Amino acid sequence: VNSSEEGIELTALSNSGLELRECVVSVSRGTARVDITVEQPGADLKFSLPRNPEQSGYEQSELEIDVKSNVAWTPVPRCEWIKTDETERQGNDKLEVEIGRTPLHEPRSGYIFFYNGDKLFYKLQITQDYPAAKKRCSYARTTDGGDTWGWCAEPSISATSKTMGATNNG
């Protein structure tokens, strides 16, 4: 705090903690008093993701995340299919994340927890989704060896041409 004839200057050091902190400055002159409360937020963490990841869906992929923070942070994946270097970092840095291939054809979610020391202060959720099957249209026999032909347009995961009612005339 600096005081001069022009006024009072209050300078706060950056908050490297996780919690909001508050300072009350009281200015008195005679019987008049003014209390000024200054609040400073705690840890700040922001992410920037690529607009178009190189790979997506159920395939294994790598993701580079720009992390901007005013505190030290350590990323810790909380599921077996998300991997990253769990080294503590200070401030702004890039985080390389490896996302494993999903054996399931269903969406799944996992987390990367961010710690400052031993305190958890942020959870980043990553969701991996299997791409929808593409509809197709083919003209084929409706039964193996049958004489009736028709259009088959609905995909069915793990169905064979025999169970789908189409044949290979190759």
Side-chain angles (χ1 to χ4, degrees), residues 1 9-25 36-138 140 151-166 168 170:
V1 177
E9 181 180 303
L10 177 64
T11 305
L13 300 173
S14 65
N15 184 359
S16 60
L18 302 179
E19 307 298 324
L20 172 79
R21 66 183 181 182
E22 182 178 279
C23 174
V24 178
V25 178
I36 301 169
T37 303
V38 178
E39 290 183 349
Q40 190 178 33
D44 187 27
L45 192 64
K46 296 179 182 164
F47 301 98
S48 297
L49 302 170
R51 189 174 291 267
N52 296 311
E54 289 180 22
Q55 293 177 319
S56 60
Y58 67 96
E59 294 297 328
Q60 180 172 335
S61 59
E62 290 184 5
L63 188 62
E64 183 177 272
I65 302 172
D66 286 325
V67 180
K68 296 187 184 333
S69 178
N70 63 345
V71 297
W73 51 276
T74 304
V76 179
R78 302 303 293 176
C79 65
E80 72 282 349
W81 55 273
I82 297 175
K83 300 202 180 329
T84 190
D85 179 15
E86 297 182 28
T87 305
E88 181 181 81
R89 294 158 168 110
Q90 181 66 46
N92 304 339
D93 202 353
K94 292 192 182 303
L95 179 63
E96 300 283 336
V97 179
E98 183 181 308
I99 300 170
R101 184 180 195 282
T102 177
L104 307 172
H105 299 297
E106 301 174 357
R108 65 180 177 177
S109 291
Y111 289 90
I112 298 176
F113 285 5
F114 288 82
Y115 290 90
N116 177 272
D118 62 350
K119 289 188 176 184
L120 172 66
F121 74 100
Y122 201 90
K123 296 178 186 177
L124 177 67
Q125 181 178 14
I126 296 176
T127 301
Q128 184 181 38
D129 197 357
Y130 182 75
K134 294 182 180 178
K135 290 193 173 194
R136 67 212 182 276
C137 192
S138 48
W151 292 102
C152 175
E154 293 299 318
S156 179
I157 295 176
S158 73
T160 67
S161 59
K162 190 170 188 174
T163 61
M164 284 299 295
N168 181 356

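Model, not experiment: these values are computed from the prediction.
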Minimum heavy-atom distance T127-S109, with the two atoms named: OG1-OG, 2.9 Å
Residue pairs passing the side chain to side chain donor-acceptor pair (under 3.5 Å) test with at least one member in residues 74-85, sequence neighbours excluded, are D85-T87
Distance, nearest 0.5 Å, that separates CG of D93 from CD of E88: 11.5 Å
Look only at the side chain of N92 and the backbone of S69, and say whether a donor-acceptor pair between them is shorter than 3.5 Å. yes
Smallest heavy-atom separation, P75 atom then R89 atom, equals CG-NH1, 3.2 Å
To check you understand the geometry: which heavy-atom pair defines the closest contact between C79 and G110, and what is its length? SG-CA, 3.8 Å
Atom pair CD1/CD1 of I112 and I126 - distance to nearest 0.5 Å: 4.0 Å
Nearest heavy atoms of P77 and E86, plus distance in Å: CD-OE2, 3.6 Å
Hey, is OH on Y111 packed in by over 12 heavy atoms from elsewhere, all under 6.0 Å? no
Parallel, tilted or perpendicular: rings of W73 and F114 (30°, 60°): tilted
Return the minimal non-hydrogen interatomic distance between E64 and E96, and the atom names on each side. OE1-OE2, 2.7 Å
Can you list everything that forms a ring-ring contact (aromatic ring centres under 6.0 Å, His included) with F121? Sequence neighbours excluded, please. none
